Novice: 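Got a structure for you, questions after.
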Amino acid sequence: MSKEIALGWIDENEKRIIKLSDKAWEYAEVGLLEHKTSKLLADEIEGHGFEVVRGIAGMPTAFVATWGSGKPVVGFLGELDALAGLSQKAVPYKEPVKEGAPGHGCGHNIHGTSALACSIAVKTAMEEEDIPGTVKFFGCPAEETLVGKVFLVRDGYLKGVDACLSHHPGSMNNAGLGSSNAMNSIKFHFYGRTAHAAGDPENGISALDAVELMSDGVNFMREHIIEKARVHYVTEVGGGQPNVVPAYARTWFYVRAPERDQVEQIYSWVLQIADGADKMARTTHSVEFLTGCYNMLPNRGLSELVVSNMSEIGAPVHTKAEIEFAKKLNESIPPESKKESLRKSERPDWQEMLDKFFDEEVLDAWNEGKVSAGSTDVSDVSWVTPTMEFETACAILGTPGHSWQCTAQSGMSIGHKGLMFSSKVLAASGLDLITKPDLLKKVRKEWTERLAGRTYKPPIPPDLKPPLHQLEK
């Protein structure tokens, strides 16, 4: 009965849920600057009787909303941040709302709103059925730069949570069992001495030379690190004009690998390369460690729970208008890119999906033992409590990640359908964890086994403050 109450609340409040998601989509704020989005969601859930604590873990846009008391404690993770440069109207051709502005090219407007909606729905059912337990909704900023949840975990905000659920927009309906790459995010600041680049270059010490030499060194390093590692970078500051030797330059690196200790080994080598760049260019440098994260610990018990509820609720079917939208949008996606996307997914029978726009099936997990090349700070949560981040179809097959095509769909009915479906799946699965002690016990037993005696050590120093202004223009 409790599930029916929760799902009924979501149905009754569909227009409001979609309105909140669309408002977050309009705000489209980048990581740690999601002030309007954070207030929107925190105010909404506070109005439904949750106790909200804002500005937690040194992040003005992070918050935790709590309702209930005692065990079990189930958490729902909601992300807030958009991506720079992905502004886009909800149309099937490229047309920014504002050229160069941010946009929700990863669907976090749906992510945050689905967690909000399910938290209120679960609370409604628990209140009506007098079910003991605690619901926590975490407003998590800056997932895209792997910041928010890492600082929340380090500062103890996930302590005492018995299990966590999270939903991420995608193009399929499944609850994967793969892992992800651990990562370090670091900026290197190089310092030299200015001079006239033509008149007296012998008096100049080029910080840009050091940046380029470091980049060359890292690129030579690639041949000699493990195959699944990823190292990428941008030069953020490289000087002002060609006839002035740059006294300052800055580069930003991500170092990724399947396991945390592998990241640390490669990162140590990168630090030595930076030292070598100083010796060659006669510069000095400082290291600004921004954040790091772990690899994901999957959980089969949570995967099976989520898939069971997906199947029971039933995946959305798309309308004729949505199919027409998809047909037009599909013209912007090269067929070979869609084919490669499906091939990489390793979805069972992926070849049969090449001529389809939508995947409307509910799929059992097929990817246990696989490691995604990407990284997520949800992984850090998975090391301190059993965690599942599942996917629902909020975009057509072949939609590139972090793209204007994703932004467009996140703000219209295709994304709305994935939003409503995921809200229901989160609510149903959360209630199962709260009302079925044997299920929660089984999930936590598996989590302990997957830890295999390892303990989580925060990848960030205890005194490190969140990089609040790293994306500020």
Side-chain angles (χ1 to χ4, degrees), residues 31 84-85 144-147 150 181-295 373-375 459-461 463-473:
E144 297 295 354
T145 49
L146 289 303
V147 171
V150 180
N181 272 331
M183 191 208 73
N184 277 355
S185 172
I186 332 96
K187 291 186 179 185
F188 293 86
H189 302 257
F190 286 93
Y191 308 96
R193 184 170 64 222
T194 189
H196 194 296
D200 61 338
E202 68 275 9
N203 288 322
I205 298 176
S206 173
L208 179 59
D209 284 355
V211 163
E212 292 182 323
L213 287 164
M214 180 183 176
S215 300
D216 285 346
V218 169
N219 287 328
F220 279 108
M221 178 193 76
R222 293 178 193 277
E223 183 182 357
H224 306 287
I225 58 178
I226 61 171
E227 181 184 358
K228 290 186 177 179
R230 296 283 189 276
V231 183
H232 25 270
Y233 60 90
V234 294
T235 299
E236 286 197 302
V237 178
Q241 57 191 69
N243 64 337
V244 179
V245 174
Y248 173 73
R250 182 172 75 246
T251 186
W252 185 1
F253 275 80
Y254 280 8
V255 178
R256 308 186 203 243
E259 297 284 344
R260 185 70 218 163
D261 60 341
Q262 294 169 327
V263 170
E264 293 296 346
Q265 292 165 18
I266 298 167
Y267 175 55
S268 176
W269 192 352
V270 170
L271 292 177
Q272 293 175 54
I273 291 170
D275 290 338
D278 273 343
K279 287 182 171 63
M280 289 185 283
R282 300 179 301 148
T283 53
T284 59
H285 78 273
S286 62
V287 177
E288 181 186 2
F289 187 91
L290 297 172
T291 188
C293 72
Y294 271 65
N295 47 298
S375 308
I460 54 177
D463 59 346
L464 183 69
K465 290 180 169 38
L468 299 182
H469 307 291
Q470 69 176 356
L471 295 176
E472 199 166 53
K473 296 297 184 184

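The structure presented is a predicted model; accordingly, all values stated were derived computationally and were not measured. Computed over heavy atoms, backbone and side chain alike; hydrogens, waters and symmetry mates excluded. One-based numbering along the sequence shown.
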Novice: How about Val211 and Tyr233: do any of their side-chain heavy atoms sit closer than 4.5 Å?
Specialist: no
Novice: Calculate, to the nearest 0.5 Å, the distance between atoms CD1 and CD belonging to Ile226 and Gln265 respectively.
Specialist: 8.0 Å
Novice: Give every residue pair that meets the salt bridge (charged side-chain N to carboxylate O under 4.0 Å, His left out) criterion with at least one member in residues 275-290, sequence neighbours excluded.
Specialist: none
Novice: Going by atom types alone, do Arg260 and Asn184 pair a side-chain donor with an acceptor below 3.5 Å?
Specialist: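 Checked: Arg260/Asn184 side chains pair up, N/O donor to acceptor below 3.5 Å.
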Novice: Please verify the inter-ring angle class for Tyr254 with Trp252; under 30° counts as parallel, over 60° as perpendicular, anything in between as tilted.
Specialist: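 If you compare the ring of Tyr254 with that of Trp252, the planes turn out perpendicular.
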Novice: Would His232 and Arg256 count as a side-chain contact (heavy atoms from CB on, under 4.5 Å) here? Give the steps.
Specialist: CA-CA 9 Å; His232 25 270; Arg256 308 186 203 243; 3.0 Å; yes
Novice: Should the ring pair Phe253 and Phe188 be called parallel, tilted or perpendicular, given that the plane angle runs from 0 to 90° and is split at 30 and 60?
Specialist: perpendicular
Novice: Drop me the distance from Phe190's CZ to Ser286's OG, to the nearest 0.5 angstrom.
Specialist: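 These two atoms lie 9.0 Å from each other.
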Novice: If you apply the rule side-chain contact (heavy atoms from CB on, under 4.5 Å), what do you find for Leu146 with Ser185, and how did you get there?
Specialist: CA-CA 8 Å; Leu146 289 303; Ser185 172; over 6 Å; no
Novice: Listing request: all salt bridge (charged side-chain N to carboxylate O under 4.0 Å, His left out) pairs with a residue in residues 201-226, at least two apart in sequence or in separate chains.
Specialist: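 Non-adjacent pairs meeting salt bridge (charged side-chain N to carboxylate O under 4.0 Å, His left out): zero.
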Novice: Main chain of Ala197, side chain of Asn243: is a donor-acceptor contact present, judged purely on distance under 3.5 Å?
Specialist: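 Checked: no pair found.
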Novice: Do the non-hydrogen side-chain atoms of Thr145 and Leu290 ever get within less than 4.5 Å of each other?
Specialist: no
